[in-house]
Amino acid sequence: MGRYALKRVSLMLVTLFLITLMCFVLIRMLPPAELPMNDPHTKVVQARREAAGYNKPYLVQFWIFLRNIFTKGDWGVSDVLYFGQEVSTIFVSKLPATMVVNLYSIVLSIPIGIAFGIWAALKKNTITDDIISTFTMALISVPSFVYAFVIQYVFAYKLGWFPFLMKQGTDWFSWAMFKSMIPAVLSLSLGVIAGFTRTTRAELTEVLTSEFMLLARTKGLTKVQATVRHALKNCMVIIVPSIFGEFISILSGSLIIEKLFSIPGVGMLYLNSINGRDYPMFMLLTVFYTAIGLVAAIVVDISYGFIDPRIRMGSRK
Amino acid sequence: MKKLMAVLLIAVLVLGTVFAKGMTENQQTATTTTAAETTVQFDSTKEYVYKDSVSTMATNWNPHTYQTSDDSYPADFIRAGLYTFLFNDESRPVEGKEPYAGYVIVPEMAAEMPVDVTEKVKAEHPEFGIPESATAGYAYVIDLNPLAQWQDGTPINADTYVESMKRLLDPKLLNYRATDYYSQSLSIAGAEGYANSGNSVRKVNSADGEAMDYQIADLVKGADGVYTTPEGYVCYFGLNEGYAWLSGNALSLYNAYGYVPAATWEAISPLADEDGFVPVTDESIAILFGFTGSADWGFETKEQLGYYVSYDFSYPEVDFSTVGIMKTGEYQITLVLSKALAGFNLLYNLSSNWIVEPKLYDACLTESEGVWSSTYNTSVETTLSYGPYIMTDYQADKHMRFEKNPNWYGWTDGKHTYVDPYDGKTYTLYQTTAVDTQVVAEAATRKLMFLKGELMGYGLQAEDYDTYRNSEYCYATPSETIYFLILNGYKDAIESREAADNFDTSKYDLQTLTILNFRKAVAVTYDKELFAATVSPARSGGYGIIGTAYLYDPETGSRYRDTDQAKKALCDFYSIDISKYASLDDAVASITGYDPVTAKALYAEAFKEALELGYITDADNDGVCDQTIQIEYSMSSDSDFMTRTINYLNEKMNEVTEGTPFAGKIVFVKSAPYGNDWSNKIKNGLADTVLAGWSGSAFDPFSLTDLYVNPSYQYDAQWFDATTIQMTLTVNGETLTTDLRTWSDALNGTTVTIGDKEYCFGSEIADVNTRLDILSALEGQFLQTYDYLPMLQNGSMALLSQQVYRVVEEYNPIMGRGGIAYMKYNYDETEWAAYVAAQGGELKY
């Protein structure tokens, strides 16, 4: 397992390097944002581009890019969105808000989603299953910003239980902050809950009809014991990787939800950096998300071995 | 006895001293009491928070580098100009103005009004190049407010101003706002040279389209055949350069629209480098002049080729001592300008400020690969205030908060007061104790928060107007633009369109649109206020070419539309008989732009003319036009607004033409979405109408006339030549006749020849009444073309929270409604929370 993990990490680094190189070259091949003549900022941006080697071969430019990262931790300076400010500082300042909101969402969604999925599977083809399945389909089909508006209107405006917007500040784990995040967390969670419910129900339904479950019951286990000890464990091979999939979305944030609840996160940053052609910001975000995606893939793969001992990673046989 | 006398004397002295002391104390108390009575102090234990929202939060409010209006948001709270605007009230009345109908300009960070020292500086500092003939307007001594200090108590003195300017113009920092101090009205001597010291730039030969740096005849041909300036700077024709001579447009744009002959472009474009610059050679001169000197381009002279020239220029290395800002006292600076500036314009330009805290500023600078960046004014830690508030919290893209600056001189200097028109008492400005601003991106959320009492204002959206436009808390704010319906009058283009194979002249007609009576009829077909209420409720009806927000005298805030001349121009155009009304105001108030009786008569008249001209037919002699007059609306992109507009135009047209030969025969149709090409379609007669408008400087309505006489700007240049229309006016007892273009040029400062005499009616040259006479006469002439039918006065509407009220309800183009300085509170925070709860948590507006 250790060698396998090492090999995967090595491959991941190579992949990350190649993706970064490709993105970098493609971005530098694009025409840079036009600079108005006789604008003093034009001179500043031109000077920055000169320093970044814009008039040099792409590989030299890439070398300068890597050199600045590894020797100075310098990912560049924002040309458009946060003029003159370091993109890494901006990014780091925005990541916690996205992570915390989505973390709460995941923490809320997984147990509820799995619980509903189990319930629906155990009550398969009953009215309970029908109701849960209908709600699941409805929640999956409707975009999260629709719930967001409804939640904001009902809970913040009509009932006044929660504030309209996420609280300002960086006290991420205070009660006031948590309370202010609830509408956003709910908006994000409903779809995720539905997703987990559907996945769990589908897997569990299938497992519950397996022969080994019949064997478990015949050897004297109660239905609950058989479900928890055997059926659910089998389902986890599918459910756990999807949890990691959700983890990636934790970091990417949600554009609409962040906008609606005024969450100062990274959700809008990626889109704005593309629209605003703020290439230093875009490169940082690209490298970060690529790295997160690759790490998540390794973790998912390795997790199979822990969840199901029959799966052996890197085995020569 | 002596002892008794001594005791008595001592007793008298003691009593006298005590009495005198008591008198002094009593007098002081009385004075204090008087002062306390004159200015009402707000209860300092109460909290008054202005809860604001923005769609985009400021990211950089450094006065040297900020770019957007979002970034300038904190400036009103944390900074102050050398001079500021205060409302005209009982304590500072403006002659001839009702209280709160105007404003006064007073020293703020300055101690006194600027003193003109042009003659003195000209004699003592010839290095600043003040023209020999100049006697005023080039140099000013400004005494600084000695009470001003940074929020940490550091004094702000002359050094602060000089050092800040030095950093602003520092050539290595390349600050975005540096050009504000040399390329605009306020141009500090030597600022351009220092800001560009040692740099090479490519300069345009004529920055304003009038004066040239070098005449063509002055250029020197080099050995390689390329012309240079006498100093040796290489000259170019810039094909992609937006020259002032071309109203900021580039030759390549004219080529794109087919104005430049293909042969010319094919000959000159291969000579250009990748940026579109063609070296000036005999060959390029011959090619370009072959076009600009032709009839197609208006027979320009060879000398006028200089307007298409750019040249490389290297700024010599200079130091900061060459810049026209000097410390002439601990609290005194002298500003030397390269262009004369005086009066309102000088004070207005000095109502913003360039100062930064030098130590903090320098600490925020970083250099990488020769490029400098600054984090000054990007966070609480890098922000020092000297205004009424300090920044206490900032979270990027989320929240900012400002609280009262205890070190602001304005709380105690007795100058920052106003008289409340509601109770006649005097108050200190800025009752607001804190400004709390959040990013709320969605209008729907803003509305809910506002109705919950969590925001102070809410800008109405289209769906809100029916509900809130008549609310007592709703405020309308006009802006400069008038939107008019432009009517196509380009006969050649219309004939070409009708001649196209796919145009069925038996069913449709376009030419009738060019008949004057038809255009007059359209002009009185629509009720402007109803139109505004239907298609764009935030706006109001538009009646003239010049909108209601323009000030002809910014020193007093007097508006053009309020003048008798402007009112008469409207009455003349709308055929209002002033003698039938009690006053001119009543006559103007009666104008709706809607006269169905006259419209029907004009349509009938137009029908006869169109028949005679053969534009339309009436084969069955039923008195109804056989063709449909199809008016294509030049649309940039489709929208609900477009649909509402077209539907309204058609609906009202059908109502008014009922019973006329054009009943049901005039139809507005949407064009294809033309994108940015919509204006070219109109200008070239390829579409027939559009709702469009101009806006200009709110302080200069006079300059708007150029937009209607200058082919570079005119929408109707292809069918209206302002040089062919004569206008006669009596000016100072002289009867003068000349064309509209010449009148406009003279009004805007050009010396023109009328008859055999020279005249100029520019600002500060002619008296304002003469200028108003000319402006209103020109406006009347432009309206009489019926090329532009005024429809909408641009504006917006917003609700104001019940927690506050405005001291001044009428909008002022310069001061708005007083902003945060004049905001008064009906409830403090505690009272407001109780009030909102008492309303069930949902407020009614």
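Treat the numbers as computed from the prediction; the structure is a model and nothing was measured. Numbers restart at 1 for each chain; the letters A, B, ... are given by sequence-line order, proteins then strands.
The two atoms that bring A:Ser262 and B:Val439 nearest to each other are OG-O, 2.8 Å, heavy atoms only. Residues B:Ala396 and A:Pro264 approach most closely at O-CB, 3.7 Å, considering heavy atoms.
Between the side chains of A:Gln152 and B:Thr445, at least one donor N or O lies within less than 3.5 Å of an accepting N or O.
Put simply, the side chain of B:Gln395 gets close to the backbone of A:Gly169: a donor and an acceptor are under 3.5 Å apart. Put simply, the side chain of B:Lys398 gets close to the backbone of A:Met166: a donor and an acceptor are under 3.5 Å apart.
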Between B:Thr59 and A:Leu81, does the side-chain contact (heavy atoms from CB on, under 4.5 Å) criterion hold? Intermediate values first, please. CA-CA 8 Å; B:Thr59 58; A:Leu81 302 178; over 6 Å; no
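At a 4.5 Å heavy-atom cutoff, the contact between A:Gln168 and chain B is made by backbone and side-chain atoms alike. For chain A, the nearby part of B:Asp393 is the side chain; its heavy atoms alone come within less than 4.5 Å. Both the backbone and the side chain of A:Tyr153 come within contact range of chain B, each with at least one heavy atom under 4.5 Å from a heavy atom of that chain. The contact between B:Ala444 and chain A is made entirely by side chain atoms (from C-beta outward), counting heavy-atom distances below 4.5 Å. Neither the backbone nor the side chain of A:Ala97 has a heavy atom closer than 4.5 Å to any heavy atom of chain B. Contact annotation for B:Asp71: neither backbone nor side-chain heavy atoms come within less than 4.5 Å of a heavy atom of chain A. Neither the backbone nor the side chain of A:Ser93 comes within contact range of chain B; no heavy atoms are under 4.5 Å apart.
The neighbour count for B:Tyr233 OH, taken as heavy atoms of other residues, nucleotides or ligands under 6.0 Å away, is above 12. Counting non-hydrogen atoms of neighbouring residues, nucleotides and ligands closer than 6.0 angstrom, the NZ atom of B:Lys166 reaches no more than 12 such neighbours. Within 6.0 Å of CG on A:Leu59 lie no more than 12 heavy atoms contributed by other residues, nucleotides or ligands.
Between atom OG1 of residue B:Thr366 and atom CD of residue A:Glu86 there is a gap of 6.5 Å, rounded to the nearest 0.5 Å. Distance check, rounded to the nearest 0.5 Å: CZ of A:Phe261 to CD of B:Glu442 gives 10.5 Å. Here B:Glu454 contributes atom CD and A:Leu165 contributes atom CG; the two are 8.0 Å apart, rounded to the nearest 0.5 Å. Atom-to-atom distance recorded for B:Thr375:OG1 and A:Gln85:CD is 7.5 Å, nearest 0.5 angstrom.
Stacking of B:Lys452 on the aromatic ring of A:Tyr157 is recorded, both the 6.0 Å distance cut-off and the 45° axial limit being met.
Considering only heavy atoms from C-beta on, A:Phe149 stays 4.5 Å or farther from B:Leu448 through its side chain.
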